[in-house]
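Counting convention: from 1, in listed order, for ligands and their atoms alike.
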Amino acid sequence: MLTRFLPLVGCLLSYTLVPSAAAQSCGSQGIALQVLGSGGPELQDKRASSSYLVWENGQARVLIDAGGGSALRFGESGAQMSQLDVILFSHFHIDHSGDFAALIMSSWFEDRKRPLAIYGPQGNGFMPSTTEFVSDLFGAKQGAYRYLSELFVPGEQGSYKLQPHVVVVGSTPVAVFRSGDLAVSAVRVVHAAVPALAWRVEAGGKAIVFSGDTNGEGEGLVRLAKNADLFIAHNAVPEGATGVERSLHMPPSVIGQIAKDANVKRLVLSHRMLRTLGKEDQTQAEIKKRYLGPVLSQTTLTALA
Ligand SMILES: [Zn+2]
């Protein structure tokens, strides 16, 4: 079993693992992925819930998801909300979005002037759309945190504005956002009845793909992850999962097959839950039947990552 130990809030460079003590922030040169939260919704996993940062040359440029605990990890990372070009949501389950308001509150104390783009899925009867989600928090009339509506409502005197966008895509990757050398694309993925997206972030000649939560059905994720330098897959259920669990999440065999079909250079297992923690040998064995590249599984020393 190949297990690598990452520091608590470690940086995962495209080719090298470096201890967080080595730098105030990740990726002072080039592109780095930082796992802010590798847990699921259970607090007993002792991890922050899903959240990732993509750094470029020491700047935190993209935040993907903001599950519970990620705001603290964001602060520990040395990142600034004013550095971000964009926030991407895979979907709006609490373990992917619960700390969003805390991050925005912190940004109020920074000197951000430019708008902050936010992209995420459309809604349905079960979930808000990305625009509704932001409005439900910061809208002037009904927002739970309407005292901060200046950061959302046009015409109010906020230092900057949140700009949410709904992404409607199918299984063919679509370009969603571009800023300088940063390019972001998405596909729809199947996560039971929850509208959900997988994301590909390209910058500095590297491509990092985030599965988000998905049961792995369809061709979209393989297309999106094609030849990626890093593929972050959510390892929320063990092999043999059935029922609701399986309709929401992909077992290790499916992760391995997608990593193989997409020819990704490295695979990172995240969104660990109590039902997959402690099953690393079985998980790795299922993946290795299909995907022969390196697999990074944060299991022990990264419990707080
Ligand atoms: Zn979910």
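- Relative ring orientation between H91 and H93 is described as perpendicular, the plane-to-plane angle rising above 60° on a 0-90° scale split at 30° and 60°.
- P164 and V134 make their closest contact through CB-CG2, 3.8 Å (heavy atoms, listed as atom of the first residue, atom of the second, distance).
- In this view, Q257 and K260, D261, R290 satisfy the side-chain contact (heavy atoms from CB on, under 4.5 Å) rule, not counting sequence neighbours.
- For L274, the CG atom counts as densely surrounded, since its 6.0 Å shell holds more than 12 non-hydrogen atoms of other residues, nucleotides or ligands.
- For the side-chain contact (heavy atoms from CB on, under 4.5 Å) criterion with F231, the lone passing option out of N263, L267, I208 is L267.
- The hydrophobic clustering, which links ILVMFWY residues whose side-chain heavy atoms are closer than 4.5 Å, places F133 and V166 apart.
- Counting only distances under 2.8 Å, and ignoring water, the protein N, O or S atoms around the Zn ion (ligand 1) are H91 NE2, H93 ND1, H191 NE2, D213 OD2.
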